[in-house]
There are 2 protein chains.
Amino acid sequence: MGVIKEFYKQYLLNNKIRYSAQRDKILDVFLKMERHLSIAQIYELVRNKYPQIGYTTVYRAMNLICKAGIAEKIDFGDGISRFEHKYGQEHHDHLICLNCGKFIEVIDAQIEELQRQLAKTHKFVLKGHKMQLFGTCCDCSKDIK
Amino acid sequence: MGVIKEFYKQYLLNNKIRYSAQRDKILDVFLKMERHLSIAQIYELVRNKYPQIGYTTVYRAMNLICKAGIAEKIDFGDGISRFEHKYGQEHHDHLICLNCGKFIEVIDAQIEELQRQLAKTHKFVLKGHKMQLFGTCCDCSKDIK
DNA sequence: AAATAAGTGAAAATGATTGTCAGTTCCATT
DNA sequence: AATGGAACTGACAATCATTTTCACTTATTT
Ligand SMILES: [Mn+2]
Ligand SMILES: [Mn+2]
Ligand SMILES: [Zn+2]
Ligand SMILES: [Zn+2]
């Protein structure tokens with residue numbers, strides 16, 4: 001059994017939440033999936049393997065998985081929440097292509113440090129941040145030109 | 001007549017869009033208002049002065065004002081769009097208090113420069129960015145402690 | 001003035017997300 | 001093993017911000 005599943009079970013145990021068959025299957029799907037899928041896409045994957053599981057249950061399970069710290073809900077500003085892996089992943093931000101929707105995960109230690117300083121300057125206790133750079137990716141720049 | 005209103009009229013003229021009484025009044029309200037108001041709040045202000053103007057018209061007018069480059073729609077991730085002044089304003093990002101909702105407008109030249117470099121590194125043609133720092137503001141830190 | 005185009009506002013539609021609730025499953029206690 | 005309560009499920013309804021529709025009015029052009 002994977003370490004993440006053990007971690008999840010422990011989280012549920014600590015919070016007196018049951019580890020149901022549905023939650024197990026949805027976690028499996030999430031752990032195997034590509035990054036940044038929407039609920040609709042995750043539900044589609046779930047439905048292929050376990051057609052009896054409902055949409056609402058996927059919603060609830062994903063919210064639980066987020067609360068446990070295994071997934072993170074991300075918002076690219078298009079009204080659709082996407083989920084990405086969080087457990088054991090380092091923090092990163094996103095470069096998003098406005099043309100094809102592709103995105104690149106980026107991390108810049110200098111920016112992160114400057115963000116901390118900026119918060120300090122304004123006497124904010126920093127809890128997190130969101131940074132998204134929008135533009136045209138390398139491939140799309142060629143096409144457009 | 002203010003320079004912004006002239007600019008708006010010119011934008012509408014260039015795009016063969018009429019300058020209606022409603023659009024005029026909604027622009028007036030927007031130009032006088034505080035920053036970062038939602039549609040519901042803008043509509044409330046509009047309704048006080050011009051009770052005959054409908055909610056839908058406010059929506060449409062604000063979208064136009066955005067397209068003209070006079071307002072900018074901002075998304076703090078809570079499902080509600082807010083609008084801020086853009087004409088003649090310098091770009092800035094936001095520090096947002098998770099406790100009281102207050103926010104501070106910030107700009108950091110070093111971060112902006114590093115963002116440009118980061119995009120360049122990944123061969124992205126940068127069009128814009130969104131950066132929000134979340135935390136607890138100075139006042140709320142006191143209260144919580 | 002007539003014809004055409006654009007704008008308005010009330011109401012309905014949309015779409016993502018959350019709440020409800022009757023039926024089911026799980027667990028601890030007898 | 002039986003039972004009673006708590007948690008869970010899934011279909012459906014509700015919510016809420018935003019967009020679309022459409023009959024009607026207003027402005028512009030011929
Ligand atoms: Mn990512
Ligand atoms: Mn601002
Ligand atoms: Zn692209
Ligand atoms: Zn605060």
Side-chain angles (χ1 to χ4, degrees), chain A residues 8-30 36-68 71-83 101, chain B residues 8-9 11-30 36-68 71-84 101:
Chain A
Y8 189 47
K9 278 187 174 174
Q10 195 55 52
Y11 171 83
L12 296 181
L13 201 61
N14 293 343
N15 293 84
K16 297 179 184 45
I17 299 170
R18 290 183 190 153
Y19 190 76
S20 69
Q22 287 91 333
R23 284 174 184 156
D24 180 72
K25 289 165 181 167
I26 294 167
L27 179 61
D28 279 343
V29 168
F30 171 72
H36 308 100
L37 296 197
S38 65
I39 281 283
Q41 293 171 313
I42 295 171
Y43 172 66
E44 199 52 33
L45 294 175
V46 168
R47 195 165 62 95
N48 290 340
K49 292 188 101 172
Y50 316 103
Q52 75 289 356
I53 295 182
Y55 207 91
T56 313
T57 301
V58 175
Y59 255 107
R60 285 188 284 229
M62 287 312 302
N63 284 340
L64 254 191
I65 291 170
C66 284
K67 273 191 197 149
E72 182 163 22
K73 197 184 280 190
I74 51 180
D75 172 18
F76 287 167
D78 61 357
I80 297 168
S81 293
R82 276 163 246 263
F83 294 84
Chain B
Y8 189 48
K9 278 187 174 173
Y11 171 84
L12 296 181
L13 202 61
N14 293 342
N15 292 83
K16 297 179 184 44
I17 299 169
R18 289 179 192 158
Y19 190 77
S20 69
Q22 287 92 332
R23 285 174 184 157
D24 180 71
K25 289 165 182 167
I26 293 167
L27 179 62
D28 279 342
V29 167
F30 172 71
H36 309 101
L37 295 199
S38 66
I39 281 284
Q41 293 171 313
I42 295 171
Y43 172 67
E44 198 54 32
L45 294 175
V46 168
R47 195 165 62 96
N48 290 341
K49 293 188 100 172
Y50 316 103
Q52 75 290 357
I53 294 181
Y55 206 91
T56 312
T57 301
V58 174
Y59 255 106
R60 284 189 283 230
M62 286 312 302
N63 284 340
L64 254 190
I65 290 170
C66 284
K67 272 190 196 151
E72 183 163 22
K73 197 184 281 190
I74 51 180
D75 173 17
F76 287 166
D78 61 356
I80 298 167
S81 293
R82 276 163 247 264
F83 294 85
E84 68 176 7

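Naming convention: chains lettered A, B, ... in sequence-line order (proteins, then strands); numbering from 1 in each chain. None of the values given here were measured: they were computed from a predicted structure.
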| message | Without decimals, in angstroms, what is the distance between A:L12 CG and C:dC26 P? | response | 15 Å
| request: Tell me, with the steps shown, if A:L64 and A:L12 meet side-chain contact (heavy atoms from CB on, under 4.5 Å). | output: CA-CA 9 Å; A:L64 254 191; A:L12 296 181; 4.0 Å; yes
| said: Counting the atoms with a prime plus P, OP1 and OP2 as sugar-phosphate, which does A:S20 contact under 4.0 Å by heavy atoms, base, sugar-phosphate, or nothing? | reply: sugar-phosphate
| Comparing A:Y55 and B:Y55 on DNA chain C - which has the more 5′ nearest nucleotide | B:Y55
| task | Mind checking B:S81 for me? I need base, sugar-phosphate or nothing, with any heavy atom below 4.0 Å counting as a touch. | result | sugar-phosphate
| message | Using a 4.0 Å heavy-atom cut-off, does B:R23 contact any base of the nucleic acid, only the sugar-phosphate backbone, or nothing at all? | response | sugar-phosphate
| request: Kindly give the heavy-atom pair with the smallest separation between B:L45 and B:L37, and that separation in Å. | output: CD1-CD1, 3.7 Å
| task | Tell me what A:D75 touches on the nucleic acid: a base, only sugar-phosphate, or nothing, going by heavy atoms under 4.0 Å. | result | nothing
| task | Using only side-chain N and O atoms of A:T57, determine if any of them is under 4.0 Å from OP1 or OP2 of D:dG10. | result | yes
| request: Measure from CG on A:D24 to P on D:dT9 and round the result to the nearest Å. | output: 11 Å
| Nearest heavy-atom pair of A:M62 and A:A71: which atoms, and what distance? | CE-CB, 4.2 Å
| message | Taking A:I17's backbone N and O only, do any of them form a donor-acceptor pair with A:N15's side chain (distance below 3.5 Å, no angle check)? | response | no
| query | Rounded to the Å, how far apart are A:K25 NZ and D:dC8 C1'? | reply | 14 Å
| task | Take the protein atom CD1 of B:I53 and the nucleotide atom P of C:dA10, then report the distance between them rounded to whole Å. | result | 11 Å
| task | Starting at atom CG of A:L13, determine the distance to atom P of C:dC26, rounded to an integer number of angstrom. | result | 17 Å
| query | What is the ring orientation for A:Y11 with A:Y8, classed by angle as parallel under 30°, tilted 30 to 60°, or perpendicular over 60°? | reply | parallel
| note | From OH of A:Y43 across to C1' of C:dT17 the rounded distance in Å is 15 Å
| query | Is B:Q22 near enough to D:dT26 that one of its side-chain N or O atoms lies under 4.0 angstrom from OP1 or OP2? | reply | no
| request: Grab the CD1-P distance between A:I80 and D:dA17 for me, whole Å please. | output: 19 Å
| Polar pair under 3.5 Å, donor/acceptor by atom type, side chain A:R60, base C:dG19 | no
| said: Once you apply a heavy-atom cut-off of 4.0 Å, does A:N63 come out as touching a base, just sugar-phosphate, or nothing? | reply: sugar-phosphate
| Whole Å only: how far is the CG atom of A:D78 from the P atom of C:dG15? | 14 Å
| remark: Taking for B:T56 and for B:R18 the nucleotide of DNA chain C with the nearest heavy atom, the one nearer the 5' end belongs to B:R18
